[in-house]
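Each residue takes its place number in the sequence, starting with 1. Small disclaimer: the values here were computed from a predicted structure and weren't measured.
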Amino acid sequence: MLTVVFQIADGFNWWEVNKTLFFFVNMTPFPFGIFIIGTLFIFYFTYPGFWMFMIINAAFDLFQAFVMNPIFEKLNIYTLKEMNHFLLFVLMMVIAVLLFLYQKWQDTAFKLSIK
């Protein structure tokens with residue numbers, strides 16, 4: 001999902017990636033590193049509770065958007081262009097909702113395939 005988000009971000013000039021993965025043109029290592037690990041941990045400890053998932057995810061996303069993002073910008077990993085810190089937080093929360101809905105859908109599909 002984040003691969004698609006990075007492609008959309010490139011089209012809308014949301015941010016400029018300065019340090020990329022060698023096999024992707026404009027993508028940071030973030031989607032293939034800490035994001036996957038963090039998402040799995042949050043799901044492990046909060047699923048299937050939607051509100052607990054959203055609260056924990058919001059805390060991590062606030063930290064990412066307002067604490068880690070300025071650090072990443074100072075390290076010249078990427079630079080926000082047409083997006084500010086708050087919109088980055090909103091984007092991460094939308095992604096969290098989509099991931100939760102996808103997981104619920106997969107649970108339903110898996111239960112139906114077992115019967």
Side-chain angles (χ1 to χ4, degrees):
M1 182 182 305
L2 282 185
T3 305
V4 173
V5 169
F6 269 84
Q7 295 307 307
I8 293 169
D10 187 46
F12 287 108
N13 198 32
W14 288 346
W15 53 71
E16 179 183 345
V17 178
N18 303 318
K19 296 196 172 140
T20 65
L21 290 172
F22 66 93
F23 47 88
F24 288 114
V25 175
N26 51 355
M27 185 176 293
T28 67
F30 180 73
F32 301 105
I34 193 69
F35 181 80
I36 292 172
I37 294 167
T39 301
L40 289 174
F41 271 107
I42 293 170
F43 265 119
Y44 180 78
F45 289 111
T46 63
Y47 193 79
F50 176 74
W51 292 112
M52 183 58 72
F53 173 78
M54 291 306 293
I55 289 168
I56 299 297
N57 210 13
F60 278 90
D61 290 348
L62 280 169
F63 182 75
Q64 167 67 29
F66 293 100
V67 176
M68 293 306 297
N69 185 61
I71 293 171
F72 291 153
E73 287 187 284
K74 282 189 188 267
L75 293 173
N76 201 30
I77 294 173
Y78 62 84
T79 307
L80 293 181
K81 297 284 190 176
E82 298 292 325
M83 180 171 284
N84 60 32
H85 298 283
F86 177 74
L87 290 176
L88 183 62
F89 169 73
V90 170
L91 176 64
M92 289 188 284
M93 291 302 292
V94 168
I95 291 169
V97 170
L98 292 174
L99 287 172
F100 190 89
L101 293 174
Y102 177 77
Q103 183 62 42
K104 281 292 200 185
W105 175 64
Q106 286 296 308
D107 286 351
T108 305
F110 186 68
K111 288 176 186 173
L112 290 175
S113 70
I114 292 177
K115 292 180 182 182

Practice prompt. Step through the shown structure and confirm whether more than 12 heavy atoms of other residues, nucleotides or ligands are within 6.0 Å of CZ on Phe86.
Written response: no
Discussion item. How about CZ on Phe60, more than 12 heavy atoms from neighbouring residues, nucleotides or ligands closer than 6.0 Å, or not?
Written reply: no
Worksheet entry | Set of side-chain hydrogen bond (donor to acceptor under 3.5 Å, both in side chains) partners for Glu82, sequence neighbours left out | none
Worksheet entry | Partner set under side-chain hydrogen bond (donor to acceptor under 3.5 Å, both in side chains) for Asn18, not counting sequence neighbours | Asn76, Thr79
List, one per line, each side-chain donor-acceptor pair under 3.5 Å for residues 34-53, sequence neighbours excluded.
unit_1: Thr39; atom_1: OG1; unit_2: Phe35; atom_2: O; d: 2.7
unit_1: Thr46; atom_1: OG1; unit_2: Ile42; atom_2: O; d: 2.5
unit_1: Tyr47; atom_1: OH; unit_2: Asp107; atom_2: OD2; d: 2.3

Worksheet item: Honestly curious: do Met83 and Val67 fall in one hydrophobic cluster under the side-chain, below-4.5 Å linking rule?
Response: yes
Discussion item. Do Leu2 and Val97 sit in one hydrophobic cluster, given that two such residues count as connected whenever their side-chain heavy atoms are within less than 4.5 Å of each other, even indirectly?
Written reply: yes
How long is the gap from [atom1] on [X] to [atom2] on [Y], to the nearest 0.5 Å?
X      : Y     : atom1 : atom2 : value
Met1   : Ile95 : CE    : CD1   : 7.0 Å
Leu62  : Leu88 : CG    : CG    : 10.5 Å
Lys104 : Leu99 : NZ    : CG    : 14.0 Å
Ile71  : Glu73 : CD1   : CD    : 11.0 Å

Discussion item. With heavy-atom distances below 4.5 Å as the criterion, would you say the side chains of Asn57 and Met92 are in contact?
Written reply: no
Please table the atom pairs, donor to acceptor, closer than 3.5 Å between any side-chain atom in residues 3-16 and protein atoms at least two apart or in another chain.
unit_1: Asp10; atom_1: OD1; unit_2: Asn26; atom_2: ND2; d: 3.0
unit_1: Asp10; atom_1: OD2; unit_2: Asn26; atom_2: ND2; d: 2.9
unit_1: Glu16; atom_1: OE1; unit_2: Lys81; atom_2: NZ; d: 3.1

Worksheet item: Which salt bridge (charged side-chain N to carboxylate O under 4.0 Å, His left out) pairs, counting each pair once, include a residue from residues 33-56, with sequence neighbours left out?
Response: none
Practice prompt. Kindly write out the residues that satisfy side-chain contact (heavy atoms from CB on, under 4.5 Å) with Phe72, not counting sequence neighbours, or none if the list is empty.
Written response: Gln64, Met68, Ile77, Tyr78
Fill in: Least distance between heavy atoms, Pro70 atom then Ala65 atom
CD-O, 4.0 Å
Discussion item. By the side-chain hydrogen bond (donor to acceptor under 3.5 Å, both in side chains) test, which pairs, at least two apart or in different chains, include something from residues 84-99?
Written reply: Asn69-His85
Discussion item. Clusters formed by hydrophobic residues whose side-chain heavy atoms approach within less than 4.5 Å: which one holds Trp105, and what are its other members?
Written reply: Tyr102
